[in-house]
Every structure is written in structure tokens, then in C-alpha cells.
Amino acid sequence: ETSLRERVAGSAGMAALTQDIRAALSRQKLDHVWTDTHYVGLQFPDPAHPNTLHWVDEAGKVGEQLPLEDPDVYCPYSAIGNVTGELVYAHYGRPEDLQDLRARGVDPAGRLLLVRVGVISFAQKVTNAQDFGAQGVLIYPEPADFSQDPHKPSLSSQQAVYGHVHLGTGDPYTPGFPSFNQTQFPPVASSGLPSIPAQPISADIASRLLRKLKGPVAPQEWQGSLLGSPYHLGPGPGLRLVVNNHRTSTPINNIFGCIEGRSEPDHYVVIGAQRDAWGPGAAKSAVGTAILLELVRTFSSMVSNGFRPRRSLLFISWDGGDFGSVGSTEWLEGYLSVLHLKAVVYVSLDNAVLGDDKFHAKTSPLLTSLIESVLKQVDSPNHSGQTLYEQVVFTNPSWDAEVIRPLPMDSSAYSFTAFVGVPAVEFSFMEDDQAYPFLHTKEDTYENLHKVLQGRLPAVAQAVAQLAGQLLIRLSHDRLLPLDFGRYGDVVLRHIGNLNEFSGDLKARGLTLQWVYSARGDYIRAAEKLRQEIYSSEERDERLTRMYNVRIMRVEFYFLSQYVSPADSPFRHIFMGRGDHTLGALLDHLRLLRSNSSGTPGATSSAVFQESRFRRQLALLTWTLQGAANALSGDVWNIDNSF
């Protein structure tokens, strides 16, 4: 039913759906139901001035127009304007692809790049192209990247794929603060907005472009199935891309329903699903919305039968998800000062069913052990008589290597962890190593999802609902929060392993990693000490239990760097965030010690090792880690640091 309704953020269809879902929540046994409205800057195509693509001859004269089959398909937050340049084929548009192009004598600078959908987000592709000096980006779906199974439906060659290109989440015109109507901030734009235009095109148009490319033959792994002959890198003939999207201030609505907890009502277990969709959005948001409504109904009937969770359950239907988790990020920005003190965990129902061969949990390390125990309680949707855990272990004895994945930026769960410091998880059933072909297209219909799953959609959706439901019961009902706070010790160790190979280079400069090791040691000791304390404590002591729960639920928050402003670097998490304060940035900086300046990643990045910058990065990272260890230790008189 949801997939049949027009529900683009800000549309009349969405307003009607919002009322219906709010009414559905109001009929259930919930303690509170309400709606939050944000006024956000969204970008839409201009029907009077559609985006265009033309050939350009050597003299720079604009020639024949290439038809963009569907004027509705666009990249929200693309730069607007027109650009002209020769065409170059750049695989997925990753930094290594662009470096490879340059190494083969084809410079992306000043050119239009043709890249294929997948592997990294649209926003990352455009950012990388911009870093290498490209003029613009055309993004197409490569048939070779999708299932070749003749029994399964495939994407039509006239379809282009929609995707926003803001490297970030939320409203890019109010970065780091909320878009409520009364916020009178000066106009400002997110640093993640691209300065070059981008446009999706279909496989048919891409094959016309690829046919004209000359220059070196593309590497074997860059080849595709559109031509029947090898792809070349280019450069090819000139093209002129014109993008006329326009920005509109649009009201969006998040809908909330709450079951209040019995003894810790101020601690929330949050579960959410995106409601909006650019097309039919069956896999994108209709499945998640349906599961959310069913979970509300189920927990509501449990409440009628006497169930009362220890902590509050907060069910949320998000708006503006297709523009980069806008609804969820704006809500987080609006309540940033309280949420890390109140939200225990976030469970995302987005992208839950994209196939049924493989099961992935994109998650914070704190939830890994809980996910393992819940997998043992839910039956596999496609292997009768087996639990999901048994199905996974059958493929790979190391279950977590098979199942656990990092949180991607294009998930609503990412902002909860990287921005607010709340552990989060998103479950997905996927096709075996193949992307779901219809995501973000007008063919993401209920019929196509049903066909891809060969009739198993109800069973797979039910498995996700049971997983999420069991997780919610444990998180809202267990006396002690089932979060594995010791797990970050292993995460730190794995990351330090990456630093280790540079210890010689650092020693030569009089620098040492000893303090990072010492901070990790303190963290592990603090975790072990807390475990012992809990184990030997009086079980019925409510005051103690609450104190322990507060310490456990804040662990993720302790990994947000306190040394950067959320307005400038919203994703402050040192392991999962983005920016100079992260461990990833420290490693990238260290690698410059080994690479000479000719191997610079982009045209614009500062590509020399700077010792003062490195010292600062290392000091702040070490102290964030030490701070996490101290916080886990509890009261200041219990901290046994030898500084």
C-alpha cells in the first residue's frame, strides 16, 4: 500500500500519508503520539528548464542534444550551471580509479567524468571528481554490475538512477544546527555541497557515450557489457552539461509514537524508518515503513496484555530521507544537547530487504554480541529448520566477518553514531554479492521486489521484524543494558595495528605511539573493572543498576572528539566520523611519510607531511581515547591513571 502512494518530501501525497500514519499510531496503545515539522532546503528539477546534455564540436559549437529520457531523474544538491569538457570514463569514481586514470596518461582535470553507479555513494563520486579538478560527472547503471540471472527481472536500459550528492546528512543549508522555522541563522552552506554539476543518465545514453571514447583501453576490471567491445578511457568528444535544479524551502514532518518505560522512562530505545521516496520506493522505504507499523501494533498489543518495558520505546517515521537522511539529522541537531544522555540505541529499518541470500548488520561494535544472541533466536527465512545464526555460520564459521559491516554515511543510523554518539544498527538482507538493481529508480516497485525474491518477500520481511523486535525487547527490558562495552578495546587494537607499521618513521622524528597504547590499556582495564563490579553487585539495587546503565549507554558518546565543533565537523566520532580528528585522517596523514609528492591523491589536497599537524592529531586522538577510559572508570576517585 505504501509503495503505491506518491510520497516525495513536501508533496501533497506525502501530507496525506503523514496524516494516515499519525492516525494509525493514534489508534494503538501508545502513551504519546506527535509530529515535528522542519523547514528544509530541498533541491528539485525545474520543469520549465529541464537539465540537458549536448555534443560539442572541436570549435566549441554546441551540436546534437542527447535525450535524457526522464526529466524527473536528477541529483539533488548538484551544483547548478553549465559546463563543457571532453568525456573520460572513470570506473566507479573512487580516488584510486582517478589516480589510475592519471597514471595511464588520462588526466581527469578539466574533463567530464562518466562513472558507474555503486561501490561508493553518488556524493563520494562527485567529491572525488571535484578533488581531481573534473568539470562535472555523469553517473550511469552498468548492467554488468547487476545480476545476469535470466529468471530475475533487470533494470530497463532507459532508466537512470536517482541520488543526492551532498557529502553529509541533513539540510546542507543549515549544517550542524536544526531547521526549525524560528532559527534565524545567517545563510550558510555545508562544506559537503559540490561545486561541480552531476547528472544521472541511463545505460542507453552511456553506451552512446562510451562508443565515442578513444585513448587507452580500460583495465580488465573496468570493462562492462554495454558495447560488445572493450571500453576505452578517453578522452572523447566534447560534451555540454546544463543543470537547472532549483532549491525550495520545504516543510517536512517526522512522526513519533512512544511507549513509556517503567523504571527508566528517560532512557529511550529508538527505532525508525524512512517514509518518503522519490519513486515507488518499495525496497527503499515502503518495506521499512510496513515493518515499523507492524512493530508498533505488536508492542501495543503486548502492552494491552500487561507488558511494560523498563525503558521507553520511541517509534519514528522519518521524512526527507532520500535527500540524505534530512528528517532524522534535523531532529538529532534539534535535540543534540539531550539525546546522548537519553537515547540508548537506534535501530534503522531502512534497506532491510534488498534480496535474501546474504544477511548484513551495519552496526556499532557495542551491539555485536547482542546481535549474535538475537540471530540465534530468529528462524532463517530461506533455510527451514535453521536459525539465522546457523545459516550464517554454515557459510562462514567466523559469523561476524560474514555479517558485521561498518555504518555507511547514507544510512539514517550513521548520524546517530557519528554525530550524536548513540550506538546504532541497520539490518539488510542482500542478494549474493549483487546490488539490488531497482533502488532509487522508478522501477523500485512492489512487483519487482516480489519477483527478485521469488515470492519470499513476506518471509524475509518477517525475519527482519523479528530480529528488530527481539533486539527491542532485550534493549528495553533487560535490567542491565546488553551493550558490549569491552568490544572497543579490540577495535582500538585493530586500528593501532595500522599505525604500527609507521613506528620506525615516527621514531626517527622523535615521536612515539606509546601513549595511544597506554590509553588503550587503561580502556581495557576500566572495562574489565566495570564488568567485575557489575558481577559482584547486589542485583536488586535499583540505584546501582541505574548508575551502571548510565555508564554503559554513554560509551559511544565518549568516542566523539570533544576538540572539534559540531557546527564545523558534525561527525565527531574518532573511528566512524569524518575530519581531521579521526583515526582515518591520522593514518592518511602518516601515509604521506611514505609517498613522494608526485603520488598526491587529489589536485587540491595538502599533500606534504606536517609534523605540527600530526602531533596535534595524535595528541587529541590519544586524549579522546584516554577520556573514554576515564569516563568508563566511573567516579574521579576511582581512576587509576599514571599520567
How far apart are the closest heavy atoms of Leu407 and Ser364, and which atoms are they?
CD1-N, 4.3 Å
Step through the shown structure and confirm whether more than 12 heavy atoms of other residues, nucleotides or ligands are within 6.0 Å of CD on Glu1.
no
Any side-chain heavy atom of Val422 within less than 4.5 Å of one from Val270?
no
Full working for salt bridge (Lys or Arg N to Asp or Glu O under 4.0 Å) between Asp100 and Arg104
CA-CA 6 Å; Asp100 204 353; Arg104 291 166 192 270; 3.0 Å; yes
Does a donor on one side chain sit under 3.5 Å from an acceptor on the other, for Ser78 and Gln199?
no
Spell out, as yes or no, whether a donor-acceptor pair under 3.5 Å connects the side chain of Thr387 to the backbone of Glu390.
yes
Taking C-beta and beyond as the side chain, do Thr582 and His573 meet within less than 4.5 Å on heavy atoms?
no
Locate the shortest heavy-atom distance separating Leu471 from Val347; write the atom from each residue and the value.
CD2-CG2, 3.8 Å
Which residues satisfy the ring-ring contact (aromatic ring centres under 6.0 Å, His included) test with Tyr231, sequence neighbours excluded?
Tyr89
How far does CG of Leu370 sit from CZ of Arg487, to the nearest 0.5 angstrom?
11.0 Å
Would you indicate whether the side-chain heavy atoms of His166 and Pro76 approach each other to under 4.5 Å?
no
Sequence neighbours left out, what passes side chain to side chain contact (heavy atoms under 4.5 Å, CB included) with Ala277? Give chain and number order.
Arg7, Ser285, Asp322
Answer yes or no: is there a side-chain heavy-atom contact under 4.5 Å between Ser225 and Pro143?
yes
Return the minimal non-hydrogen interatomic distance between Trp318 and Gly272, and the atom names on each side.
NE1-CA, 3.9 Å
Check: Glu402/Thr395 side-chain N/O donor and acceptor closer than 3.5 Å:
no
Please work out which of the three classes, parallel, tilted or perpendicular, describes the rings of Trp331 and Phe416, given edges at 30° and 60°.
tilted
Just checking, is any N or O donor in the side chain of Ser147 or Glu431 under 3.5 Å from an acceptor N or O on the other one?
no
Taking the side chain as every heavy atom from C-beta outward, state whether Gln391 and Leu388 have any pair of such atoms under 4.5 Å apart.
yes
Is there side-chain contact between Trp399 and Leu375, with heavy atoms separated by less than 4.5 Å?
yes
Hey, which of Ser412, Ser190, Ser415 is the one that makes side chain to side chain donor-acceptor pair (under 3.5 Å) with Thr169?
Ser415
Applying side-chain contact (heavy atoms from CB on, under 4.5 Å), run through Ile120 and Asn128 and close with a yes or a no.
CA-CA 11 Å; Ile120 57 174; Asn128 297 337; 3.6 Å; yes
For Ala401 against Asn396, the heavy-atom pair lying closest together
CB-ND2, 4.2 Å
Would you give the length of the straight line joining atom OH of Tyr77 to atom CG of Leu42, rounded to the nearest 0.5 angstrom?
4.5 Å
Heavy atoms, side chains only, cut-off 4.5 Å: are Met576 and Pro406 in contact?
no
Please give me the minimum heavy-atom distance between Phe146 and Gln148, naming the atom from each residue.
O-NE2, 2.7 Å
Identify, with sequence neighbours excluded, every residue that meets side chain to side chain contact (heavy atoms under 4.5 Å, CB included) alongside Gln158.
Glu69, Ser156, Asp204
Side-chain donor or acceptor of Asp46 paired with backbone N/O of Asn245 under 3.5 Å:
no
Within the distance-only criterion (no hydrogens, no angle test), does the side chain of Arg247 pair as donor or acceptor with the backbone N or O of Gly41 below 3.5 angstrom?
no
Heavy-atom side-chain contact between Val378 and Tyr389 under 4.5 Å:
no
Do the rings of Tyr446 and His450 sit parallel, tilted or perpendicular, given the 30° and 60° boundaries?
parallel
Taken to the nearest 0.5 Å, the spacing of Phe419 CZ from Thr329 OG1 works out to 7.5 Å
Between Asp444 and Lys284 (salt bridge meaning N to carboxylate O under 4.0 Å), is one present in this structure?
no
Non-hydrogen atoms of Gly327 and Asn254 that approach each other most closely:
O-ND2, 3.0 Å
Could you give the distance from CD1 (Ile80) to CD (Gln43), rounded to the nearest 0.5 Å?
6.5 Å
So how far is it from Gln130 CD to Lys125 NZ, rounded to the nearest 0.5 Å?
15.5 Å
salt_bridge(Lys376, Glu372) N-O dist < 4.0 Å:
yes
With side-chain hydrogen bond (donor to acceptor under 3.5 Å, both in side chains) as the criterion, how do Gln159 and Thr441 come out once you've worked through the C-alpha distance, each side chain's angles and the decisive distance to 0.1 Å?
CA-CA 7 Å; Gln159 283 281 348; Thr441 71; 4.8 Å; no
So that I know where these two stand, are Phe323 and Phe44 an aromatic pair - ring centroids less than 6.0 Å apart?
yes
Quick one: CD1 on Ile371 to CD1 on Ile404, what's the gap to the nearest 0.5 Å?
4.5 Å
